[in-house]
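Report on the following structure.
Whatever order the structure lists ligands and atoms in, that order sets their numbers, starting from 1.
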Amino acid sequence: MPPLFLKSMRSTEGKMNVRFQVNGEPRTLAAYPMERLLDVLREQLHLKGTKEGCGEGECGACSVFIDGQIVNSCLVPVAQVEGASIKTIEGVASGEQLHAVQLAFIKCGGAQCGICTPGMVLAAVNLLERNPNPTEADIRNGLSGNLCRCTGYMKIFESVVHACRKQDDV
Ligand code: FES
Ligand code: FES
């Protein structure tokens, strides 16, 4: 068993200070350069809305926006986000006002266990920001990087269709 002081030296050895913004707030934290952004968000910043599904870049459960681009945070070493602006599912609502996509998921029953839901919502937000009037094929394509183990995808699809219609109402 190493002496306690050696253990604590080892635990901080190799860490770097990383500065970035999360949901509009500046953050500085110490992390190993290759730590996954997913883990830093969940464990250090306690933003548990970002989920881990596959851990291999296949399911989209860990999606976040980095400088406006949607990415799988399980594949991003935290060193790469130095100076970046990150938006997680916690930053999608405007204060108390949920995003139209979030409201649509509630109304249409788009969530079951909820593991894929933050990633699905972010994928839909990403789609609507780029294409406010998507066709059904555009919606299927926009969600195609996200896997759900619970549903037959219809409720999720209907939620996004509903969110599109609500946008038209505004
Ligand atoms: S957990 Fe990152 S893509 Fe599945
Ligand atoms: S709601 Fe459970 S994985 Fe999609």
Side-chain angles (χ1 to χ4, degrees), residues 15-16 18 20-23 25 27 29 31-93 98-131 134-166:
K15 287 191 175 180
M16 61 183 285
V18 191
F20 50 90
Q21 286 207 354
V22 182
N23 301 327
E25 280 187 36
R27 301 287 197 151
L29 49 82
Y32 295 106
M34 293 304 288
E35 263 184 80
R36 303 182 308 172
L37 177 60
L38 168 64
D39 297 324
V40 169
L41 290 172
R42 287 182 55 85
E43 304 310 327
Q44 290 211 45
L45 300 180
H46 308 293
L47 294 169
K48 303 275 186 178
T50 305
K51 305 297 187 210
E52 176 157 17
C54 64
E56 297 178 347
E58 298 292 336
C59 75
C62 63
S63 298
V64 298
F65 286 100
I66 300 179
D67 292 333
Q69 298 295 315
I70 195 163
V71 299
N72 292 324
S73 63
C74 70
L75 297 182
V76 178
V78 71
Q80 277 188 8
V81 300
E82 169 71 28
S85 177
I86 296 168
K87 187 193 277 191
T88 67
I89 188 67
E90 288 87 352
V92 167
L98 293 179
H99 191 283
V101 172
Q102 293 173 305
L103 291 170
F105 268 69
I106 293 169
K107 183 171 177 61
C108 301
Q112 288 190 42
C113 80
I115 293 292
C116 74
T117 310
M120 290 286 185
V121 168
L122 289 185
V125 168
N126 183 49
L127 171 67
L128 295 183
E129 281 176 359
R130 284 161 172 68
N131 178 4
T135 63
E136 292 195 354
D138 292 333
I139 294 172
R140 288 200 173 87
N141 195 38
L143 300 178
S144 63
N146 295 70
L147 303 180
C148 175
R149 289 175 178 81
C150 294
T151 74
Y153 293 96
M154 270 319 289
K155 295 282 185 197
I156 294 169
F157 175 76
E158 286 165 14
S159 301
V160 182
V161 171
H162 185 78
C164 297
R165 291 205 192 106
K166 290 314 272 185

Exercise. Between I156 and C116, what is the shortest heavy-atom contact and its length?
Worked result: CD1-SG, 4.3 Å

For this session: Please list, in chain and residue-number order, the protein N/O/S atoms closer than 2.8 Å to atom 4 (Fe) of ligand 2.
Result: C116 SG, C148 SG

Exercise. Quick one: does V160's side chain get under 4.5 Å of F105's, heavy atoms only?
Worked result: yes

Exercise. Do V125 and H99 have side-chain heavy atoms sitting under 4.5 Å apart?
Worked result: yes

Problem set entry | N, O or S from C74 under 2.8 Å to atom 2 (Fe) of ligand 1 | yes

For this session: Determine whether more than 12 heavy atoms belonging to other residues, nucleotides or ligands lie under 6.0 Å from atom NZ of K48.
Result: yes

For this session: Below 4.0 angstrom from a heavy atom of C54, which ligand 1 atoms are there? Numbered from 1 as shown, please.
Result: 1 (S), 3 (S), 4 (Fe)

Exercise. Is L37 close to T50 at the side-chain level, that is, under 4.5 Å between some pair of heavy atoms?
Worked result: no

Problem set entry | Under 4.0 Å to a heavy atom of G60 - the qualifying atoms of ligand 1, by number | 3 (S), 4 (Fe)

Exercise. Taking the side chain as C-beta and beyond, is there a heavy-atom pair between V121 and T117 under 4.5 Å?
Worked result: yes

Exercise. Backbone or side chain, does C62 get an N/O/S atom under 2.8 Å to atom 2 (Fe) of ligand 1?
Worked result: yes

Seminar exercise, completed: C59 heavy atoms within 4.0 Å reach ligand 1 at atoms 1 (S), 3 (S), 4 (Fe)

Exercise. Is there a donor-acceptor contact under 3.5 Å from the side chain of E90 to the main chain of G49?
Worked result: yes

Exercise. Which ligand 1 atoms does G55 reach within 4.0 Å, using its non-hydrogen atoms?
Worked result: 1 (S), 4 (Fe)

N/O donor-acceptor pairs under 3.5 Å from side chains in residues 70-85, not counting sequence neighbours:
residue, atom, partner, partner atom, Å
N72, ND2, G57, O, 3.4
S73, OG, C62, O, 2.7
E82, OE1, R19, N, 3.0

Problem set entry | Under-4.0 Å salt bridge between E52 and R36 | yes

For this session: Check ligand 1 against G57 and write out every atom of the ligand that is under 4.0 Å from a heavy-atom position of the residue.
Result: 3 (S)

Problem set entry | Test item: Q44 and R27 side chains (from C-beta on) under 4.5 Å apart, heavy atoms | no

Exercise. For ligand 1, which atoms, with element, lie under 4.0 Å from some heavy atom of E58?
Worked result: 3 (S)

